Amino acid sequence: MKNSITKQIESGYADLRRSEKQAADYILEHLEQVADEPIDRLARAAGVSQPTILRMLKSLGYKGYKDFRYQLVAELAKSGERTENDGQPQLMYGYTLDKKDGLEEIPVNITMTTERMLEETLKNFSGKIYKRVIEALKNARLIDIYGVENSEVTAVDLLTKLLYLGLPCRHFTDCYLQQIAAGRLTDQDVAVGISYSGESKDTVDAMKAAKRSGACTVAITNFKDSTIARYADILICTSQDQHFYGNAIFSRSTQIQIVDMIYMGLISSDYEHYVEQLNKCEKVVRNKAYDGRTRR
């Protein structure tokens, strides 16, 4: 279970400057040591200046270094983390399946790797980008969603959630139809392309066509330097790390995380309106579920 200090740093990480991220990375990796270090020693250890440390902490909501250390010490004491290492090996970031791994080890390794990827996604997804995505989708005349193979699972999930909220959207499983649809968009529309690698040709081509049509383009990918990023007005990156079997397993976890963030953000942006839309959907599909009184 992560402590509140770690959560606060990770939630504001994406909006930090490069040097501030360097300081934040050091703090996240050395929480117990930082609790005992004066600011000058921390700055030297992190390879940044003292003003950089202070700017970073204020960006994260702390009044200053004294306030940060006070909260850190209190949090570590409360969680019991200020203890000696118990000698247990730490799971490495990036799960690679080894033929020597025991069957019983796989569930925990998969879970820990997925958890780490989700944390990295939070760090890469800035609040500014999040707000831009929500506003773009809310105000779109039409939302097109593109994705193939593994990413199509995410595309359908996004389509379903947007339909629940009454937003005008569509997704074609046929790649040719995706490109045809993209070519008919306008500057009032939004195109969302989903590709873990950012190199899926069909998805990239559809995004390219949407960009040429003047639509606002949103790309959800794992790599910021991928081809799909060239055609994105709004770029959402996930963990940035490559994993063995990643495109088949771990990509879905981070992509679905983004979809859920978007879904909840839209509801929060106009709560009364979207709750009304959800109630309408509930009435439509009510007869598709057993009421609990039905018996075989």
Side-chain angles (χ1 to χ4, degrees), residues 114 117-118 121 124-125 129-130 132-185 189-213 215-224 226-239 243 245-267 274 277-278 281 285:
T114 301
M117 287 191 72
L118 297 178
T121 297
N124 287 316
F125 195 13
I129 294 296
Y130 185 43
R132 287 181 63 194
V133 172
I134 299 303
E135 288 302 312
L137 294 176
K138 275 181 60 177
N139 299 316
R141 180 189 70 93
L142 176 65
I143 302 167
D144 253 5
I145 306 171
Y146 315 128
V148 297
E149 297 180 349
N150 293 306
S151 292
E152 189 169 348
V153 174
T154 308
V156 173
D157 186 53
L158 178 59
L159 174 75
T160 303
K161 286 183 168 64
L162 295 182
L163 287 174
Y164 282 161
L165 299 179
L167 294 173
C169 56
R170 63 187 181 185
H171 166 67
F172 297 103
T173 57
D174 187 287
C175 298
Y176 292 104
L177 292 180
Q178 289 186 18
Q179 291 190 43
I180 292 171
R184 303 291 294 175
L185 296 178
D189 305 321
V190 173
V192 181
I194 305 169
S195 172
Y196 172 79
S197 66
E199 304 296 337
S200 299
K201 188 176 186 304
D202 291 320
T203 304
V204 171
D205 287 348
M207 286 286 281
K208 185 176 181 180
K211 181 77 171 177
R212 288 176 174 173
S213 297
C216 172
T217 53
V218 179
I220 301 175
T221 183
N222 198 64
F223 305 103
K224 64 181 179 181
S226 58
T227 302
I228 200 172
R230 302 175 190 172
Y231 307 106
D233 295 314
I234 304 175
L235 180 63
I236 303 174
C237 286
T238 51
S239 76
H243 293 264
Y245 295 150
N247 200 32
I249 301 175
F250 300 112
S251 64
R252 291 197 297 270
S253 300
T254 53
Q255 289 173 353
I256 294 299
Q257 177 189 21
I258 294 294
V259 169
D260 287 344
M261 288 178 178
I262 291 173
Y263 178 63
M264 297 304 291
L266 285 166
I267 295 174
Y274 288 119
Q277 297 301 312
L278 290 172
C281 287
V285 302

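Atom set for the values below is all heavy atoms of this structure, side chains included, hydrogens, waters and symmetry mates excluded. None of these values were measured; they are calculated from a predicted model.
Across every non-hydrogen atom of Phe172 and Gln178, the tightest pair is O-NE2, 2.6 Å. Of all heavy-atom pairs between Cys237 and Phe223, the closest is SG-C, 4.1 Å. Leu163 approaches Cys281 most closely through the heavy-atom pair O-SG, 4.1 Å. The minimum heavy-atom distance between Ala182 and Ser213, with the atom names listed, is O-OG, 2.9 Å. The heavy-atom pair separating Ala136 from Ile234 by the smallest distance is CB-CD1, 4.4 Å. Across every non-hydrogen atom of Leu165 and Gln277, the tightest pair is O-CG, 3.4 Å.
Donor-acceptor pairing under 3.5 Å is recorded for the side chains of Ser151 and Gln255. For the residue pair Thr227/Glu199, the side-chain donor-acceptor check at 3.5 Å is satisfied.
You'll find the side chain of Tyr196 stays beyond 4.5 Å of the side chain of Glu149, heavy atoms only. Residues Asp205 and Tyr231 have side chains not in contact (no heavy-atom distance under 4.5 Å, counting atoms from C-beta outward). Looking at Leu266 and Leu162, their side chains come closer than 4.5 Å, going by heavy atoms from C-beta outward. Contact check for Val218 versus Leu137: no side-chain heavy atoms found under the 4.5 Å cut-off. Counting heavy atoms from C-beta outward, Ile258 and Phe125 have side chains that approach closer than 4.5 Å.
Note that CG of Leu185 and CZ of Arg141 are 7.5 Å apart. Values are rounded to the nearest 0.5 Å. Rounding to the nearest 0.5 Å gives a distance of 12.5 Å between CD1 of Ile267 and CD1 of Ile262. Within the model, atoms CD1 of Ile194 and OG1 of Thr154 stand 5.5 Å from one another, a figure rounded to the nearest 0.5 Å. Taking CZ of Arg170 as the start and CG of Asp144 as the end, the distance is 4.0 Å to the nearest 0.5 Å. How far SG of Cys216 is from NZ of Lys211: 8.0 Å, rounded to the nearest 0.5 Å. Here Asp202 contributes atom CG and Tyr176 contributes atom OH; the two are 7.5 Å apart, rounded to the nearest 0.5 Å.
The backbone N or O of Asp233 sits less than 3.5 Å from a side-chain atom of Arg132, completing a donor-acceptor pair. Tyr130 places a side-chain N or O within donor-acceptor distance of the main-chain N or O of Met261, the cut-off being under 3.5 Å.
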Inset, instruction - Show your reasoning for whether side-chain contact (heavy atoms from CB on, under 4.5 Å) applies to Ile129 and Leu235. - result: CA-CA 8 Å; Ile129 294 296; Leu235 180 63; over 6 Å; no

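Screening Leu159, Val156, Asp157 against Ile145 for a side chain to side chain contact (heavy atoms under 4.5 Å, CB included) leaves a single residue, Leu159.
Not a single side chain to side chain donor-acceptor pair (under 3.5 Å) links Thr203 to another residue, sequence neighbours left out.
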